[in-house]
Structure formats: C-alpha cells, structure tokens
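Read the structure below first, then the notes.
Values reported hereafter were calculated over all heavy atoms of this structure, with side chains retained and with hydrogens, waters and symmetry mates removed.
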Amino acid sequence: METSLPNYYAIIPADVRYDRTLSPNAKLLYGEITSMCGKEGFCWAENSYFAYLYDVKNIAVSRWISMLEKNGHIKTFLNKKDGNSRKIYIGNKGLP
C-alpha cells in the first residue's frame, strides 16, 4: 500500500498519557487519531491504514481502538447506510 504520511500535530492529553489501562501503542494511536480530526472534526481512517502506518495487524489496531473507546477517550460511529464507514471522535466533543 503506497500512501503519503500525514503531516499534522498529534495531541495526547494527560488523561490518556497516564491511563494505566491503555497500552503504549493505544496512546500513540490516540495521538494519530487526534492529528486526523483537525480538518473534519472526526477521523475517517480504517484499521488497515493504521496497521500499515505502525506495521501491525488489523486486529492489534482493533484492540487499541476498543481500549480507547472503553475508557471514554474516543467514540466511534458506524454508518451502515454508507457501507459501514466509521467516524472516530475524540472524547465527547462534537458528537452527533
């Protein structure tokens, strides 16, 4: 998969950085998600994109996203009408 890497700043607030229930990679993924939320207010990337960036399997990304959501750091929404496209929001800000 040939893709250009994003050139945005990542933000990882203290409540995520010091959350002992999160793996270090989940925290890094959170930063990546924040960097992609700047333009649209949500992140649209699929697990395969993050897996490519971090050279891991999709299942690892899925686990990290689940950890982040379980702990209230992100919220995901699936749009079944749009082919199961996903939007990831940071915290509870701007949720539809």
So which heavy atom on Ile12 is nearest to which on Leu28, and how close? CD1-CA, 4.5 Å
Classify the side-chain pair Thr21/Asp19 by whether it contains a donor and acceptor separated by less than 3.5 Å. yes
Backbone N or O of Asn58 within a donor-acceptor pair of the Ser62 side chain at under 3.5 Å? no
Does Asn79 CG have over 12 foreign heavy atoms under 6.0 Å away? yes
Could you tell me whether the side chain of Leu22 reaches within less than 4.5 Å of the side chain of Leu68, counting heavy atoms only? yes
Any idea which heavy atoms bring Thr34 and Ile11 closest together, and the distance? OG1-N, 2.9 Å
Taking side chain to side chain donor-acceptor pair (under 3.5 Å) as the test, write out the residues that go with Arg17, two or more places apart. none
State, without any angle test, whether Asn47 and Arg86 hold a side-chain donor-acceptor pair at a distance under 3.5 Å. yes
Are the side chains of Met36 and Phe50 in touch, meaning some heavy atoms are under 4.5 Å apart? yes
Please tell me if the side chains of Lys75 and Ile88 come closer than 4.5 Å, counting only heavy atoms from C-beta onward. no
Sequence neighbours left out, what pairs pass ring pair (Phe, Tyr, Trp, His ring centres under 6.0 Å) with at least one residue falling in residues 19-43? Phe42-Tyr89
Show the nearest heavy-atom pair for residues Cys43 and Cys37, with the distance to one decimal. N-SG, 3.5 Å
Ile74 reachable from Leu78 in the ILVMFWY side-chain graph, under 4.5 Å edges: no
Side chain to side chain donor-acceptor pair (under 3.5 Å) with Glu69: which residues, sequence neighbours excluded? Thr76
Please say yes or no: joined through hydrophobic side-chain contacts below 4.5 Å, possibly via intermediate residues, are Phe77 and Leu29 part of one cluster? yes
Which atom of His73 lies closest to which atom of Val16, heavy atoms considered: ND1-CG2, 3.4 Å
Trace of the side chain to side chain contact (heavy atoms under 4.5 Å, CB included) decision for Trp64 with Ser23: CA-CA 8 Å; Trp64 302 338; Ser23 71; 3.7 Å; yes
Any side-chain heavy-atom pair of Tyr54 and Asn25 under 4.5 Å: no
